[in-house]
Participant: 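Handing you a structure now.
The structure presented is a predicted model; accordingly, all values stated were derived computationally and were not measured. First listed ligand is number 1; within each ligand, the first listed atom is number 1. Nothing fancy with the numbering, it's 1 onward along the sequence.
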Amino acid sequence: MLIDEEIENKEIAKQYKELLRISYLQLSGEDKKLIRLAFNTAVDAHKNQRRKSGEAYIFHPIAVAKIVASEIGLDAKSISAALLHDTVEDTPYTLNDIERLFGNTVAKIVHGLTKISRLKKDTDISLQAENFRKMLLTLTDDIRVIIIKIADRLHNMQTMDAMPEYKQVKIASETLYIYAPLAHRIGMFNIKTELEDLSLKYTEPQRFDAIKNKIDDSQEEQAKYIKEFSAFLKASLDKERLRYFIKGRSKSIFSIHKKMQAQNINYEQVFDKFAIRIVYKSTPKNEKFLAWKIYSIITDHFTPNPTRLRDWISSPKSNGYESLHITVMGPKNKWVEVQIRSERMHEIAEKGYAAHYRYKQGVEKDSGIDGWLNRLQEVLETKDSNAVDFVENFKLNLYSDEIFVFTPQGDLKSLPQDSSALDFAFHIHTEIGAKTRGARVNGKLVPLSRNLKSGDLIEIITSENAKPTANWLDYVITSRARNKIKASLNEEKKRLAEDGKEILRRKLKQLRVKLDEKSIQQLVVYFKVNSSLDLFYRVGLGTIDNKRIKEFAVSFNNSFLNFFKNRLRSNHQREGVETEEFVSKYDKLVFGKEREELPYKLSPCCKPISGDKVFGFVTINEGIKVHKHNCSNSLSLQSNFAYRIIPAWWVDSSEQEFTSELNLSGIDQIGLVNEVTRVISNNMHVDIKRLNFSTEEELFKGSILVRVKNQQTLHKLTQNLLKLKGIEKVTRK
Ligand code: MN
């Protein structure tokens, strides 16, 4: 195509001037400078690009900027971002260039717009649309991203004719599904209506044309009706000295279509195809009062339908819409909706909050626009009852606990809220998760446990040597990641266990112990582990080290010897020889059900010795006296003073549990208390009854009440505690 560049350049310049002229907000000199720079940058960036229609690409960003400036009424930064919205995606300009030239805010907006356009475009439409919508709803870094994206979409819809039909349908469906409801949600009613009508034009062209023609045909009739209606009211309204205009408002093509479809009726049967709008001038103070005054005048002439009164003035919609709606029986006995609103309300209804804040802002311009944007942000985020229509449309609540993030390729992934970079890695692929070495979020290295936010772009750094550790379980919240890590840890455990088994076999061989079923069984008992797998794993891991294996081997070999010794000894016993050892084993008397140690005296009458069957007799002056069962006094004591008899047993004091208090002192160290408790609970048969620690300055003091089986255990415990760094003294009370 031959293009006259000179004419084109003139047209570009003209469009640019118009952009400045039609800005809804007043632009300062600085604003204009920023927009000028954005314009020049965009012109340069797109200089070699043309749209499908053949025109220079730059016309598109200018047109989008015009929508942003005029129809929506955004600020200079947004206008600039709109001009630049396709630069990073389509041209050699980078985000850094944009940031350097335009600062952080504009760069962030352009970045958001770039991310949206990088969404994979060729996947399933409905799925894509769904993802898209979810992302838009959660991508709330800067609401301007969404608004400019809507403007971008509007212009694309306005200029779709050169596109192949399948693309038109795809884009139109997506628009209907996502952008129109979003526009509605943030109060841009005009744009919403235009998006819907344009969508219908491409998705159902015949239907669109049919309805449009009928509306065009009925224009005259409609105008006549409005005139008739107005005539009834004019005298009364004028008498109240109201300044107003009355005009008709046609229902949009799309909403007529919807109604026909929903109620299965034809065009003629749609009765509220247009509404009458009364827009009045008012001071802010009188707005509400005047609305009801007009309401009163109208209902003097026409009967209202009480079920169809909507007072959006007393309680505006969450998207900022204000108006008083009534439906009355109008001329020719037709129900007609009347919308009563002030000029200010009207402008807000047409433009959204930009208008609202223009009314409010006065001097501080920036606080106005920021307030508006913040409000919009809230509107998008709140799920209050005012937002019912929106939630109804989209079941937003279903997705409130999801976030949407990007792969470096721009694929959108949804994850549960509070997911970490590691969750993301496992979400992408098990292999990637398992080999994760680190993660970059939005270009910065972050801990694997870092919670992700919607809109984050995550790059996983992998390494062949990386593998899951038990810590990883603390970093993830998705069951997928959790299961994969556990599986991997188990495999790792098995692998380590195999190594451990070989190590153990070798070590024991040197110590002359054969690793077989019997020794394994003893090892499991000795090291207090649950299974042979655990045993081998710990050896492989090194928590059961050479020293401890050696200790085992010694005791194992000794017990082997002891076994023979014992057999020799028991042979002696069979011959009636009572060994000393046997006597000393039952060296202690305990009394009663509780098997308490109590003070006692051995009775001189029968002189019981250890091992004898005995009982205690509670005397009045001398405490417990111990008698043999077969003592001559036994019978009379048992029959006359049964209540003073207390059962007694000889026990092995080495098997008897007793409580003991240990006092510790030393110099305080970080983690010392943990170390102390670890040592105690790692010792076999030690039960902690009470713990008491205190520090004063540097000094550490503690007392521990433990229950132990025997002196040896207590001794060992004392020795182990003394090994701890910081412990100086351990004494027994
Ligand atoms: Mn674009």
Participant: Show your reasoning for whether side chain to side chain donor-acceptor pair (under 3.5 Å) applies to Thr193 and Asn190.
Facilitator: CA-CA 5 Å; Thr193 303; Asn190 280 354; 5.5 Å; no

Participant: Would you call the rings of His257 and Phe254 parallel, tilted or perpendicular if under 30° counts as parallel and over 60° as perpendicular?
Facilitator: tilted

Participant: Which heavy atom of Asp197 sits nearest to which heavy atom of Phe208, and what is that distance?
Facilitator: O-CE1, 3.2 Å

Participant: With sequence neighbours left out, what residues match Asp44 under side chain to side chain donor-acceptor pair (under 3.5 Å)?
Facilitator: Lys47, Tyr93

Participant: Do you know the tightest heavy-atom contact between Gln15 and Lys66?
Facilitator: OE1-NZ, 2.7 Å

Participant: For Arg50 and Ala56, work out which heavy atoms get closest and say how close.
Facilitator: NH1-N, 3.1 Å

Participant: Using a distance threshold of 2.8 Å, what protein N/O/S atoms lie below it relative to the Mn ion (ligand 1)?
Facilitator: His60 NE2, His85 NE2, Asp86 OD2, Asp152 OD1

